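When reading the values below, keep in mind they use all heavy atoms of this one structure, side chains included, and skip hydrogens, waters and symmetry mates. What you see is a predicted model, and the numbers here were worked out from it, not measured in a lab. Proteins come first, then strands; the chains are lettered A, B, ... in the order of their sequence lines, and each starts at number 1.
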Amino acid sequence: MRVTPENLAWLQSLFDDPSLTLVFHNAKFDLEMLYWSHGIDIFNSKAKVECTLILHKVLFSTALSHSLEYIGPKYTGRSEVDKVEITQWLKERNTKRLIRERGGKKLGFDDAPDDLVRRRVLWDVETTILLYGFLRPKVSNVCPDLYETERQLMYVCVDIECRGVVVDLTKARELKEKALGELKRIKRMLNEMVLPLAYVKDRKDRKTGEKVPTEIVIEDDFNPNSPDQLPAAFRKLGIELKYKSKPKKKKNKKTGRVEMMGGGNWSFDEYSMVRYVSKQLAAVIRESGEDGWPAHKFIDEVIRIVKAEKLKERELLPPLVLQYRQLSKMVSTYYDTFLEKAVDRWTAPSGREYGVLHCRFNQSAADTGRFSSSDPNLQNQPRLLGPRECFVPRRGRWNWHLDYSQVEMRFFCHFAEDKGMAKAIDDDVHLYVATKIYKKPKDQVTKEQRKRAKSTGFGILYGSGPAKQAETLTSKGLPTTKLEASVIVAAYHREFPSVRRLTNRLKSELLRNGYIVNPFGRRYHIDKSFSYKGLNYMCQGSSADLIKRAMVDVWNWLRKMGYKARLIMTVHDELVIECPRNEMKKVIPQVMKMMERKKEYFVPIIAEAEVVRKRWSEKESPEDVGLKLAA
DNA sequence: CTGAGAAGCCC
DNA sequence: GTACGGGCTTCTCAGT
């Protein structure tokens, strides 16, 4: 079937028919395509749109995959034969040789014989319908409300993605040039230090296929990002390599097996690098990270210290490489991406160029139920460095960032039902935990002790033990042995016995049922060997489902009321609303109210507001802009 | 071209 | 006796 006006009209009529239920697998994709590319009005659909991907997701949040290919055969008994047929057909004809003979043309579905295409599409359609028949009754029993939230959330996502966010491309260009300049300077210094660089590597002989040790010489361009060149550079400068990466227990998404992944290579992450330099330099590296120093300041300071302390010149290698990595990351992951992906560009009267970034928000990617974001990912924009300077509100609007205050900790309190922690949650939980662990009054708890308590609290939330706790604390500049960490963790459990009760409860529930379920009805099937993840899934997942509920409520309310304010993004525990100034007083307090849950849980769940007038990097408090939000 | 591993950015 | 949660993107290198 082709895209013709008649066909589009027919599609629109389907959406307008209140007696219909339209079932898709990954409906969001189709809705977005129909709306964005073909102008179909999906938002006022009278027909009910359902999605088998989401049905599967709410029942099996942690499944390896939610794709039709994966779950179709699994639950409907349909074979993959009809589907594979066309893939096979294409594969046979898309070999390198055949493509070349054809003059570089790669074959697609359009080129395949009609009957193959038809069978392929029919497979999708029939499998989806069968899947719907299987999943929908289960969902109606298990978690109808959760599903309904996710279902409506599809429209919210489509709206957010199509609207996009505005970026200042002139600023991106400026920041990129600046970073490039710094990179040049660092590269010059590094080249001076390490070139020429020689190392030996096993290379496969073209003829025999044997591995032969081969000497490689880097004459004029050292690449700090190269896993081969970096260790060679360290060795050449006489730095003894000490630290190796550790393997991690992971579930292989392809095989579904639990395997040890990675590990065994020389490690040059920041944590290791800091340990290769004197403590004065280590302190600078840490401080610059915490405060987001500009590159030139960092480099100058590092050089100053090496001179002042009469350190060996080679100590410059680790910090310079770290700075090089940071800058190249900013350029390739952020500035370049903005410049490449921004669309609908325009030049303002000021002469600055702007554009719109349409990233994707995926409501079904994370095991816990959280949102993820990609193409580009808006959820990992650096907090302290340049990229946030590029994000600006639309004309005439301010961006309101409404974030839940310590929401995962609050759900943790809720599940543990710990009265002491509950009392301290609106004040300073970490300080409170410190008073208990160290048996000291508030005013005698040192900054360090609070830091340790905070880290321990998160460690517990993440299911970590003494070894990892010690590592984390040490990496944060608080040297801690495994033994010391185990003392702190023990003290934590001594003071908060409710936490052990909670983890035990989750564990036995997991062993009994094979899954645990959060207050919104979302199920987590977790491998027994990963049962320590249960607590985190409950806290992270409940937070995710709460904000998802709020997003749907807010979006529906804004539409109903006819406001111009719009949701433009979410960062896990934060909603961003672009709001015309004349609507702020009405909209923002109401949105916060819709996010908050002051009575439903063991502790109140509350939101806080900040506002962006010019750039994301310059968030202000409501008082700063003279807006008083009613409590 | 794809996949693995390492690194680093976010909550 | 164990063991830090959830994402995404970039780079390099090896093997297809």
Side-chain angles (χ1 to χ4, degrees), chain A residues 61-62 94 96 201-204 209 211 223-230 244-250 252-254 259 261-273 289 292 321-322 325-334 336-337 359-362 365-385 387-388 403-404 406-409 412 455-473 475 482 485-486 489 503 524 526 529-541 543-544 547 570-574:
Chain A
S61 272
T62 59
N94 276 338
K96 263 193 191 141
K201 198 174 170 68
D202 282 353
R203 279 260 140 98
K204 221 163 61 180
K211 300 230 171 179
N223 180 0
N225 288 327
S226 160
D228 291 338
Q229 295 181 33
L230 191 59
K244 293 212 168 172
S245 59
K246 289 187 201 144
K248 252 197 113 182
K249 198 169 75 173
K250 266 175 96 177
N252 188 318
K253 285 249 171 189
K254 262 184 95 175
E259 294 166 359
M261 308 277 283
N265 298 313
W266 293 115
S267 189
F268 297 95
D269 58 10
E270 185 179 322
Y271 175 64
S272 307
M273 295 283 232
V321 169
L322 286 174
R325 282 210 283 244
Q326 189 182 72
L327 289 165
S328 54
K329 172 129 192 156
M330 291 307 126
V331 173
S332 59
T333 305
Y334 300 106
D336 275 346
T337 311
C359 97
R360 294 166 49 195
F361 283 93
N362 192 338
D367 282 355
T368 54
R370 263 196 186 176
F371 262 101
S372 75
S373 156
S374 62
D375 302 307
N377 182 354
L378 290 188
Q379 295 180 321
N380 71 345
Q381 300 301 323
R383 296 164 51 221
L384 301 172
L385 306 168
R388 286 195 187 193
D403 72 298
Y404 284 110
Q406 310 194 64
V407 60
E408 287 181 24
M409 235 4 129
F412 178 61
S455 186
T456 306
F458 277 109
I460 301 279
L461 194 59
Y462 292 157
S464 66
K468 196 70 193 182
Q469 295 265 343
E471 205 180 300
T472 309
L473 282 166
S475 78
K482 201 157 55 167
S486 66
V489 172
T503 48
Y524 302 110
I526 301 172
S529 63
F530 289 113
S531 65
Y532 67 90
K533 290 185 177 180
L535 175 60
N536 183 255
Y537 276 35
M538 292 294 277
C539 298
Q540 189 184 119
S543 311
I547 201 169
T570 169
V571 192
H572 309 305
D573 62 354
E574 169 180 348

### Query
Using a heavy-atom cut-off of 4.0 Å to chain A, what are the terminal contacting nucleotides of DNA chain C, in 5' to 3' order?
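Extent of the interface on DNA chain C: dA3(C) to dG15(C).
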
For [X], check salt bridge (Lys or Arg N to Asp or Glu O under 4.0 Å) against everything at least two apart and list the hits.
X       : answer
K246(A) : E471(A)
K244(A) : none
R360(A) : D375(A)

### Message
Using every non-hydrogen atom in the two residues, find where Q379(A) and F371(A) come nearest and quote the distance to one decimal.
### Response
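Taking every non-hydrogen atom into account, OE1-O, 3.7 Å.
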
Any base atoms under 4.0 Å from [X], or only sugar-phosphate, or nothing? Heavy atoms, all strands.
X       : answer
S328(A) : nothing
K201(A) : sugar-phosphate
P387(A) : nothing

[X]: ring pair (Phe, Tyr, Trp, His ring centres under 6.0 Å) partners, not counting sequence neighbours:
X       : answer
Y334(A) : none
Y524(A) : Y537(A)
F268(A) : F234(A)

### Partner set under side chain to side chain contact (heavy atoms under 4.5 Å, CB included) for Y462(A), not counting sequence neighbours
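For Y462(A), the residues satisfying side chain to side chain contact (heavy atoms under 4.5 Å, CB included) (neighbours in sequence not counted) are F458(A), N536(A).
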
### Contact letters for nucleotides 4-11 of chain B, in which S counts primed atoms plus P, OP1 and OP2 and B counts the base, heavy atoms under 4.0 Å
-SSSBBSB

### Message
Give me the distance, rounded to whole Å, that separates dA3(C) from dA7(B) when you measure between the C1' atoms they each carry.
### Response
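The same atom, C1', in both gives a distance of 22 Å.
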
### Task
Considering only atom C1', compute the distance from dC11(B) to dC4(C) and round it to an integer number of Å.
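These two C1' atoms come out 15 Å apart once rounded.
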
### Message
Both K249(A) and Y537(A) contact DNA chain C. Taking the nearest nucleotide for each, which residue is further toward the 5' end?
### Response
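Upstream on the strand: K249(A).
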
